Amino acid sequence: MTELERINQKIKEQEEVVKDVEERNYHKDYFGKGSWNELARLRIEKELILTGVEWSHHNEGMVIVENKYFYALKSGKWRVKGKQEWHTSKSLKHFIENTVREES
């Protein structure tokens with residue numbers, strides 16, 4: 001199974017979880033959005049796979065891109081490895097094109 005097939009399967013499973021959570025909590029005004037957040041992270045991960053850059057998981061919700069940049073999947077914030085200043089990107093595509101590929 002390729003990486004893209006694996007992530008598509010995970011997205012499909014998470015969509016079912018989100019649907020189930022929505023049905024169980026339809027009567028509540030406020031409830032946790034953890035399942036939605038995980039679905040958003042998986043979709044960004046899929047975009048990351050499609051860009052073709054080298055990346056790996058760092059911890060929950062964060063990846064290392066080209067062994068140089070930390071990228072937060074949900075918020076779109078990034079920083080250079082070894083530095084503490086965080087930057088905000090418009091999108092993953094913008095980050096890859098203007099930061100990662102500009103440096104290469």
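These numbers were taken from a predicted model, which means no experiment stands behind them.
Within 6.0 Å of atom CH2 in Trp86, more than 12 heavy atoms from other residues, nucleotides or ligands are found, so the atom counts as buried in its surroundings. More than 12 heavy atoms of other residues, nucleotides or ligands sit less than 6.0 Å from atom CD of Glu23.
Nearest heavy-atom pair across Arg41 and Gly61 is CD-CA, 3.7 Å. Among all heavy-atom pairs drawn from Trp55 and Val53, the shortest one is CD1-O, 3.3 Å. Taking each heavy atom of Ser91 and Tyr71 in turn, the nearest pair found is C-OH, 3.9 Å. When all heavy atoms of Ser89 and Gly76 are compared, the closest pair comes out as OG-O, 2.7 Å. Taking both residues in full, the closest heavy atoms of Ile44 and Leu92 are given as O-CD2, 3.7 Å, listed atom of the first, atom of the second, then distance. Here the closest heavy-atom approach between residue Val21 and residue Phe31 is recorded as CG1-CE1, 3.9 Å.
Salt bridge absent: Glu22 and Lys19 never bring a charged side-chain N and a carboxylate O closer than 4.0 Å. A salt bridge links Glu15 with Arg43: at least one charged nitrogen is closer than 4.0 Å to a carboxylate oxygen.
Judged by the 6.0 Å and 45° rule, Lys93 forms no cation-pi pair with Phe95.
For Glu13 and Gln9, the side-chain atoms include at least one donor-acceptor pair closer than 3.5 Å.
Counting heavy atoms from C-beta on, the side chains of Ile64 and Phe70 come closer than 4.5 Å. Residues His57 and Val63 are in side-chain contact: their nearest non-hydrogen atoms beyond the backbone lie under 4.5 Å apart. Using a 4.5 Å cut-off on side-chain heavy atoms (C-beta onward), Ile11 and Glu45 make no contact. Side-chain contact check for Leu39 versus Val17: every heavy-atom pair is 4.5 Å or farther apart. The closest side-chain heavy-atom distance from Arg24 to Asp20 is below 4.5 Å.
Here CZ of Arg79 is found 10.0 Å from NE2 of His87. Values are rounded to the nearest 0.5 Å. Taking CD of Glu66 as the start and OG of Ser56 as the end, the distance is 10.5 Å to the nearest 0.5 Å. With rounding to the nearest 0.5 Å, the separation of CD1 in Ile49 from CD in Glu3 is 4.5 Å. Atom CD in Glu60 sits 10.5 Å away from atom CG in Asn37 (nearest 0.5 Å). To the nearest 0.5 angstrom, Glu47 atom CD is 10.0 Å from Leu73 atom CG. Between the CZ atom of Arg6 and the CG atom of Leu42 there is a distance of 8.5 Å, given to the nearest 0.5 Å.
In the hydrophobic clustering of ILVMFWY residues, with side-chain heavy atoms under 4.5 Å counting as a link, Ile7 and Val65 come out together.
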